[in-house]
Amino acid sequence: MTSDLAATDASERQPSSNAAQCGSSSSSPSFWTYLNSDVDPAQSTGPLVASCFMTGYIDVISFSSIYVWCGFQTGNFAQLAIALARLFEGPKGFRDMTFHRADQQALCSLISFQLGASVGRCGDRLGPWKRIWLISGTILQALLTMAAAITLWQSGEPSIANTRADPSWNNVLSFVALAFMSASLGVQGVLGKRLNTQFGTTIVLTTVWVELVSDPRLFEIRQKVESRDHKLLAAVALFVGAFSGRALLAKIGSPATLGIAVGFRILIAISWVFIPSENRLWIHLEASESTSFSSVRT
């Protein structure tokens, strides 16, 4: 009789032990599970501000050499329209039918940016908020920036143009470098846009400026207003990035300046590891733990 009671007591304790084990394993996800979790966009301010900094930093390199923005594609698109309109100016036989070098570079940048943005859409399959995609996408930007640095170094072209009519990048390798730079910002833009924060794409600030000025809480200076404060951070970061890029460009040249940009991008990639997960991850873990416990009890 005593042995039967002991066996019954042991069998009752066994599910509790199994449930505890299930709970502990569920509440301690592996690092791979952590990498596949969604980040919380509301707490991603650091990497996004750094991305705005990189926009100004990289854009100033191309503009200082060829007066073409590798990230701000609105101007490049309008420049191509002007180039097309030029074909119809003046009487026949005296029209400028030349595809100018600046227009070629604008087209190169526009196409490369779109290709980079298209590659950035791969994140839609993994999940645009997935930590592993944000890390991988930022590393891809670093690799493209590295390719631009190496290509410019091999091109041997000067870093700063004297006048708009005399760009300092003219050979084929400089076109390739421009393509890599534009593609890197295209990937960055998609990553920023998919997070759907106040920083927008982290590339173009025109929309950010309009939304900032029209913010109904713009002048509530004594209060924290995320919609206003984050837009101001984006603008300041881009300004500081452009200032820093130009200062380095004048001292060490475009290849070395881009080399430093690679290091910045690697740091941004690492920073995604430390961004808190979205609450849905922990809700999922709690649900898993509850389901595991229920199944054991049954």
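A quick note: this is a predicted structure, and the numbers were derived from the prediction, not measured.
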Student: Distance check, rounded to the nearest 0.5 Å: Ile275 atom CD1 versus Asp38 atom CG?
Tutor: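 One finds 13.5 Å between CD1 of Ile275 and CG of Asp38.
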Student: Quick one: pull up OG in Ser30 and CG in Leu35 and give me the separation to the nearest 0.5 Å.
Tutor: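 Between Ser30 OG and Leu35 CG, I get 8.5 Å after rounding to 0.5 Å.
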Student: If you look at every heavy atom in Gln104 and Phe99, which pair is closest and at what distance?
Tutor: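 Heavy atoms of Gln104 and Phe99 come nearest at NE2-O, 2.7 Å.
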Student: Taking Asn36 for the side chain and Trp32 for the main chain, is one N or O donor matched with an acceptor at less than 3.5 Å?
Tutor: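 Pair found, side chain donor or acceptor close to backbone of Trp32.
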Student: To the nearest 0.5 Å, tell me how far Gln223 CD sits from Asp229 CG.
Tutor: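 The CD atom of Gln223 sits 10.5 Å away from the CG atom of Asp229.
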Student: Are the side chains of Val39 and Leu195 in contact, using a 4.5 Å heavy-atom criterion?
Tutor: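 The answer is yes; the side chains approach within 4.5 Å.
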Student: Could you verify whether a donor N or O on one side chain and an acceptor N or O on the other, from Ser182 and Ser112, lie under 3.5 Å apart?
Tutor: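 There is no such pair (donor and acceptor under 3.5 Å, judged by atom type) between the side chains of Ser182 and Ser112.
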Student: Okay, side chain of Ser109, backbone of Ala106: is any donor-acceptor separation there less than 3.5 Å?
Tutor: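 Not at all, since once roles are kept as given, no pair shorter than 3.5 Å links the two residues.
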Student: Which distance, rounded to the nearest 0.5 Å, do you find between the CD of Glu226 and the OG1 of Thr197?
Tutor: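 These two atoms lie 8.5 Å from each other.
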Student: Is there side-chain contact between Cys70 and Asp59, with at least one heavy-atom pair below 4.5 Å?
Tutor: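 Yes, their side chains come closer than 4.5 Å.
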Student: Apply side-chain contact (heavy atoms from CB on, under 4.5 Å) to residues Phe199 and Thr45 and explain how you reach the verdict.
Tutor: CA-CA 9 Å; Phe199 295 93; Thr45 303; 3.8 Å; yes
Student: Trp69 and Leu80: same hydrophobic cluster, using ILVMFWY side-chain contacts below 4.5 Å?
Tutor: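 No.
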Student: Heavy atoms only: give me the nearest Ala83-Asp103 pair and the separation to one decimal.
Tutor: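 Ala83 and Asp103 have their closest heavy atoms at CB-OD2, 3.4 Å.
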Student: When clusters are formed by joining ILVMFWY residues with side-chain heavy atoms under 4.5 Å apart, either directly or through shared neighbours, do Ile139 and Tyr57 land in the same one?
Tutor: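 The answer is yes; both residues are in one hydrophobic cluster.
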Student: Under a 3.5 Å distance rule, please check whether Ser136 uses its side chain to pair with a backbone N or O of Trp133 as donor and acceptor.
Tutor: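 Checked: no pair found.
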Student: Given the rule that I, L, V, M, F, W and Y join up when any side-chain heavy atoms are under 4.5 Å apart, are Val176 and Leu185 in one cluster?
Tutor: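 Yes, it is one cluster - the side chains of Val176 and Leu185 are joined through contacts under 4.5 Å.
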Student: We want to know whether Thr202 and Gln188 form a side-chain donor-acceptor pair, criterion being a heavy-atom distance below 3.5 angstrom.
Tutor: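 Yes, a side-chain donor-acceptor pair sits under 3.5 Å.
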Student: Indicate yes or no for a side-chain donor-acceptor contact from Arg101 to the backbone of Asn170 under 3.5 Å, with no hydrogens or angles considered.
Tutor: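 Here the side-chain-to-backbone pair exists.
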Student: Please tabulate, for the side chains in residues 142-149, all donor-acceptor contacts under 3.5 angstrom to protein atoms that are two or more places apart in sequence or on a different chain.
Tutor:
residue, atom, partner, partner atom, Å
Thr145, OG1, Gln141, O, 2.7
Thr145, OG1, Arg265, NE, 3.2

Student: Can you spot which of Pro41, Ser277, Ser44 makes a side chain to side chain contact (heavy atoms under 4.5 Å, CB included) with Trp129?
Tutor: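 The side chain to side chain contact (heavy atoms under 4.5 Å, CB included) with Trp129 is passed solely by Pro41 among Pro41, Ser277, Ser44.
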Student: Does the pair Glu89 and Arg86 meet the rule for a salt bridge (charged side-chain N to carboxylate O under 4.0 Å, His left out), with working shown?
Tutor: CA-CA 5 Å; Glu89 293 177 358; Arg86 195 185 300 123; 5.5 Å; no
Student: Using the test ring-ring contact (aromatic ring centres under 6.0 Å, His included), find all partners of Trp272 that sit at least two apart in sequence or belong to another chain.
Tutor: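 Per chain and number, Trp272 pairs via ring-ring contact (aromatic ring centres under 6.0 Å, His included) with no residue.
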Student: Does Leu191 share a hydrophobic cluster with Val273, counting links as ILVMFWY side-chain heavy atoms below 4.5 Å and allowing steps through other members?
Tutor: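 Cluster IDs for Leu191 and Val273 match.
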Student: Between Thr206 and Thr74, is any pair of side-chain heavy atoms under 4.5 Å apart?
Tutor: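 A side-chain contact under 4.5 Å is absent here.
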Student: Under a 4.5 Å side-chain heavy-atom rule over Ile, Leu, Val, Met, Phe, Trp and Tyr, are Val210 and Ile203 clustered together?
Tutor: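 Result: no, two separate clusters.
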Student: Where do Leu178 and Gln105 come nearest, in terms of heavy atoms and distance?
Tutor: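 In this case the closest contact between Leu178 and Gln105 is CD2-O, 3.3 Å.
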Student: Is there side-chain contact between Leu233 and His230, with heavy atoms separated by less than 4.5 Å?
Tutor: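 Side chain of Leu233 against side chain of His230, heavy atoms only: contact under 4.5 Å found.
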Student: Within the structure provided, determine whether Val68 and Ser62 are in side-chain contact (heavy-atom separation under 4.5 Å).
Tutor: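 Answer no - side chains too far apart.
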Student: Side chain to side chain contact (heavy atoms under 4.5 Å, CB included) with Asn196: which residues, sequence neighbours excluded?
Tutor: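 Side chain to side chain contact (heavy atoms under 4.5 Å, CB included) check on Asn196 returns nothing, list empty.
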Student: Between Phe264 and Phe53, is the ring centre distance below 6.0 Å?
Tutor: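 Here the rings of Phe53 and Phe264 have centres that are less than 6.0 Å from each other.
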Student: When you look at Glu157 and Ser168, which way does the side-chain contact (heavy atoms from CB on, under 4.5 Å) test go after all the steps?
Tutor: CA-CA 6 Å; Glu157 296 278 52; Ser168 60; 5.8 Å; no
Student: Do Lys231 and Glu211 come close enough that some side-chain heavy atom pair is under 4.5 Å?
Tutor: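 They are in contact (side-chain heavy atoms under 4.5 Å apart), so the answer is yes.
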Student: Where is the tightest heavy-atom contact between Asn162 and Tyr67, given as atom of each residue plus distance?
Tutor: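 In terms of heavy atoms, the two residues are closest at O-OH, 4.2 Å.
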Student: For the atom pair CG (Leu48) and SG (Cys52), what is the distance rounded to the nearest 0.5 Å?
Tutor: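 Those atoms lie 7.0 Å apart.
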Student: Answer with yes or no whether the side chains of Ser155 and Asn171 bring together a donor and an acceptor at under 3.5 Å.
Tutor: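 No pair is found: no donor N or O on one side chain lies under 3.5 Å from an acceptor on the other.
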Student: Report the distance from atom CG of Leu110 to atom CG of Leu115, rounding to the nearest 0.5 Å.
Tutor: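 Reported value, rounded in 0.5 Å steps: 9.5 Å.
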Student: Say whether, by atom type as modelled, one donor and one acceptor occur between the side chain of Arg217 and the main chain of Val225 under 3.5 angstrom.
Tutor: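 No; zero donor-acceptor contacts below 3.5 Å.
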Student: What heavy-atom pair brings Phe113 and Gly71 nearest, and what distance separates the two atoms?
Tutor: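 In this case the closest contact between Phe113 and Gly71 is CE1-O, 3.8 Å.
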Student: Search all heavy atoms of Leu173 against all heavy atoms of Thr151 and return the closest pair with its distance.
Tutor: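 The pair with the smallest heavy-atom distance is O-CG2, 3.0 Å.
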Student: Can you give the donor-acceptor pairs under 3.5 Å from side chains of residues 234-261 to other protein atoms, not counting sequence neighbours?
Tutor:
residue, atom, partner, partner atom, Å
Ser244, OG, Val240, O, 2.8
Arg246, NH1, Ser64, OG, 2.9
Ser254, OG, Ser159, OG, 3.2
Thr257, OG1, Gly253, O, 2.6

Student: Not counting sequence neighbours, which residues clear side chain to side chain contact (heavy atoms under 4.5 Å, CB included) with Thr98? List them please.
Tutor: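 With sequence neighbours excluded, Thr98 shows a side chain to side chain contact (heavy atoms under 4.5 Å, CB included) to Asp96, His100, given in chain and number order.
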Student: Only pairs at least two apart or in different chains count here, so list each ring-ring contact (aromatic ring centres under 6.0 Å, His included) that has a residue in residues 163-194.
Tutor: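 Listed once each, the pairs would be none.
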Student: Just by distance, with hydrogens left out, do Ser37 and Glu278 show a side-chain donor and acceptor under 3.5 Å apart?
Tutor: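 No.
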Student: Examine distances only and state if a side-chain atom of Arg228 and a backbone atom of Asp215 form a donor-acceptor pair shorter than 3.5 Å.
Tutor: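 Not at all, since once roles are kept as given, no pair shorter than 3.5 Å links the two residues.
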